[in-house]
Amino acid sequence: MSLDSGTTGGDNVAEKELAANVENLSLNEQKVEKQEIKKIDIVLHATGSAPILKQKKWSVDQEKPISAIIKFIHKYLKLDQEERLFLYINQTFAPAPDQIIKNLYECYGTNGKLVLHYAKTQAWG
């Protein structure tokens, strides 16, 4: 006695294709998750009269805007809300607050790090 699932050869091929597509989809989702987790190392240097951070090297989500770094430093240094904080790249220019860290790293990163200088007063540019 033979048990038949009731599927024909064509249905079996369609099921295999569907299973392969689902598997590819889940592999693509895993790749996207791994990419989202990727962090970029940034090094923060005090400039002028800005307080020095005890820890200078940080790993940051690559999709965050540079304004998130400014807010983090502001909070970490416990600055008053009205105190300003300036952030510079290559000791020359201040990036726009909406610039994404990944883009800045691709353009200005060196030795696997993005070096940022922070100051309480305008220092460059």
Side-chain angles (χ1 to χ4, degrees):
M1 175 186 264
S2 163
L3 294 175
D4 187 13
S5 63
T7 60
T8 62
D11 289 342
N12 197 15
V13 170
E15 287 177 16
K16 286 181 181 178
E17 287 179 15
L18 179 62
N21 288 338
V22 169
E23 186 176 330
N24 287 338
L25 181 61
S26 63
L27 288 174
N28 289 338
E29 288 174 359
Q30 289 174 358
K31 288 178 186 176
V32 169
E33 287 175 11
K34 287 180 183 177
Q35 289 174 353
E36 290 175 4
I37 296 172
K38 185 168 171 124
K39 306 250 181 190
I40 292 176
D41 290 335
I42 61 167
V43 179
L44 299 171
H45 291 288
T47 301
S49 63
I52 298 172
L53 294 170
K54 290 181 183 178
Q55 180 178 340
K56 295 179 181 186
K57 186 176 176 184
W58 300 85
S59 291
V60 180
D61 180 13
Q62 66 181 356
E63 296 302 323
K64 287 194 182 256
I66 206 74
S67 62
I69 302 295
I70 295 170
K71 288 178 187 176
F72 169 77
I73 297 170
H74 205 274
K75 193 181 288 187
Y76 189 86
L77 294 176
K78 298 177 184 165
L79 300 176
D80 291 333
Q81 195 171 12
E82 62 272 355
E83 286 185 272
R84 298 199 55 195
L85 192 66
F86 299 89
L87 203 63
Y88 296 95
I89 294 181
N90 291 344
Q91 299 178 346
T92 54
F93 75 96
D98 63 344
Q99 279 290 322
I100 304 299
I101 293 171
K102 177 182 176 184
N103 296 342
L104 294 171
Y105 173 77
E106 288 173 353
C107 294
Y108 305 104
T110 57
N111 298 328
K113 297 174 252 181
L114 178 63
V115 179
L116 302 173
H117 291 77
Y118 62 94
K120 290 174 65 176
T121 59
Q122 286 186 335
W124 297 286

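One-based numbering along the sequence shown. Side chains are part of it too, since the values below use all heavy atoms of this structure and drop only hydrogens, waters and symmetry mates.
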A side-chain contact here means heavy atoms from C-beta on lying under 4.5 Å apart; do [X] and [Y] qualify?
X    : Y    : answer
L53  : W58  : yes
H74  : Y118 : no
L116 : L44  : yes

Could you state the interatomic distance from [atom1] ([X]) to [atom2] ([Y]), rounded to the nearest 0.5 Å?
X    : Y   : atom1 : atom2 : value
I73  : L79 : CD1   : CG    : 9.5 Å
E106 : Q62 : CD    : CD    : 8.0 Å
I42  : L87 : CD1   : CG    : 8.0 Å
L85  : K71 : CG    : NZ    : 13.0 Å
K57  : D41 : NZ    : CG    : 4.5 Å
Q122 : T47 : CD    : OG1   : 13.0 Å

Task: Derivation and outcome, side chain to side chain contact (heavy atoms under 4.5 Å, CB included), residues K64 and I69 - done: CA-CA 8 Å; K64 287 194 182 256; I69 302 295; over 6 Å; no
Taking all heavy atoms of [X] and all of [Y], pick out the closest pair and write down the distance.
X   : Y    : answer
E63 : I100 : O-CD1, 3.7 Å
P97 : P65  : O-CB, 3.6 Å
A46 : P51  : CB-O, 3.7 Å
F86 : K120 : CE1-O, 3.6 Å

- [ ] Please test I66 against I101 for side chain to side chain contact (heavy atoms under 4.5 Å, CB included), starting from the C-alpha separation and ending with a verdict.
- [x] CA-CA 6 Å; I66 206 74; I101 293 171; 4.3 Å; yes
Task: Hydrophobic cluster identity match, I89 and V115, side-chain contacts under 4.5 Å - done: no
- [ ] Group every Ile, Leu, Val, Met, Phe, Trp and Tyr by side-chain heavy-atom contacts under 4.5 Å, then state whether L104 and F72 land in the same group.
- [x] yes
TODO: Would you check if the side chain of Y108 reaches a backbone N or O of N103 as a donor-acceptor pair within less than 3.5 Å?
DONE: no
Open item on the list: Tell me if a side-chain donor or acceptor on E83 pairs with a main-chain N or O of D80 at a distance below 3.5 Å.
Closed with: yes
TODO: For atom CG of D98, decide whether the heavy atoms of other residues, nucleotides or ligands shown that lie under 6.0 angstrom number more than 12.
DONE: yes
Task: Set of residues satisfying ring pair (Phe, Tyr, Trp, His ring centres under 6.0 Å) with respect to H45, sequence neighbours excluded - done: H117
